[in-house]
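Note that the coordinates shown come from a computational prediction; the quantities given were computed from them, not determined experimentally. Excluded from the calculations below are hydrogen atoms, water molecules and symmetry mates; all remaining heavy atoms, backbone and side chain alike, are included.
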Amino acid sequence: MNTDTLSLRLQTVVKYIPKGFRMADIGSDHAYLPCHVVKRGIAPFAIAGEVVQGPFQSAVKQVKIEGLETQISVRMGDGLEVVNSGEVDCITICGMGGTLISTILEGGKNKLDQVKRLILQPNVGSRAVRVWLYENNWKLFAEEILEEDGKVYEVIVAEPGEPRTGYSENLEAGFLLGPILTKKQNEPFRIKWEGELANWRRILAQMEQGNESAENELRKQDIHQKMRIVEEALHLDEKS
Ligand SMILES: C[S@@+](CC[C@H](N)C(=O)[O-])C[C@H]1O[C@@H](n2cnc3c(N)ncnc32)[C@H](O)[C@@H]1O
């Protein structure tokens with residue numbers, strides 16, 4: 001991967017950055033994403049935020065190599081603390097767990113008043129991202145799920161608005177699977193959830209061998225509830 005040819009995962013994120021939007025990429029590592037969108041003339045200005053020294057230095061170096069210092073500001077800091085209110089139109093946070101993404105959004109809520117779009121790409125735990133968006137009045141604009149190099153990735157795009165939009169009565173199912181992804185049910189979606197089901201079955205079988213603590217009992221109930229949601233969504237419950 002380089003700044004001309006991004007991974008399919010990051011190309012999918014780029015698809016949702018409207019032309020002319022100033023953007024901030026939080027957890028930018030090598031700043032591949034900001035360099036790409038600025039070079040393509042999609043974003044006139046970008047911030048690359050990093051909290052770790054090594055990736056921060058890689059971002060500084062990459063921006064310098066590309067000669068993009070006037071358009072890309074590389075900043076060291078935790079989450080949205082590198083962004084000033086009103087400075088960007090959209091924010092990307094990619095390649096992390098959903099819980100970390102929602103913690104970053106929660107910690108930087110006061111920076112989001114003028115942000116028109118969030119493009120979030122959790123590697124795991126997308127439920128935490130959807131719950132945060134729902135509780136903070138962001139509506140889902142799009143969702144994508146894709147497979148690359150044997151891994152399945154989700155991209156969640158949100159805009160300020162009525163957070164119930166797109167969700168059915170069964171909110172919990174929507175949070176877990178994604179309401180838009182559930183409607184589409186493409187191949188990566190089925191691969192992901194069939195894999196999760198197999199994983200939960202393995203965990204339950206192992207738990208049967210273990211002790212019967214109250215904690216284990218709660219965990220089993222939680223897994224059974226998730227399995228029911230997924231089986232229903234995949235219509236596996238109708239096949240038996
Ligand atoms: C796995 S990399 C993903 C890089 C790139 N966004 C991508 O999707 O290819 C995650 C990056 O997020 C950075 N990171 C983690 N927590 C962060 C935080 N709270 N604020 C800023 N950056 C963070 C890490 O240092 C790391 O460079």
Side-chain donor-acceptor pair present, Glu50, Ser28, cut-off under 3.5 Å: no
Decide whether Gln121 and Asn123 meet the rule of one side-chain donor and one side-chain acceptor closer than 3.5 Å. yes
Lys/Arg-Asp/Glu bridge criterion (N-O < 4.0 Å) met for [X], [Y]:
{"X": "Glu143", "Y": "Arg130", "result": "yes"}
{"X": "Glu81", "Y": "Lys111", "result": "no"}
{"X": "Lys220", "Y": "Glu217", "result": "yes"}
{"X": "Glu69", "Y": "Lys61", "result": "no"}

Look at the aromatic rings of Trp200 and Trp193 and report parallel, tilted or perpendicular, splitting at 30° and 60°.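 Taking Trp193 first and then Trp200, their aromatic rings sit tilted (interplane angle of 30° to 60°).
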For a quick test of reading the model, state the closest non-hydrogen atom pair linking Thr12 to Leu146 and the distance between them.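 Minimum heavy-atom separation between Thr12 and Leu146: OG1-CD2, 3.7 Å.
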Crowding at [atom1], [X] (>12 non-hydrogen neighbours, <6.0 Å):
{"X": "Lys151", "atom1": "NZ", "result": "no"}
{"X": "Glu162", "atom1": "CD", "result": "yes"}
{"X": "Lys184", "atom1": "NZ", "result": "yes"}
{"X": "Lys116", "atom1": "NZ", "result": "yes"}

Distance in Å, Asn199 CG paired with Leu204 CG, rounded so as to fall on 0.5 Å steps: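 Output value for this atom pair is 10.0 Å.
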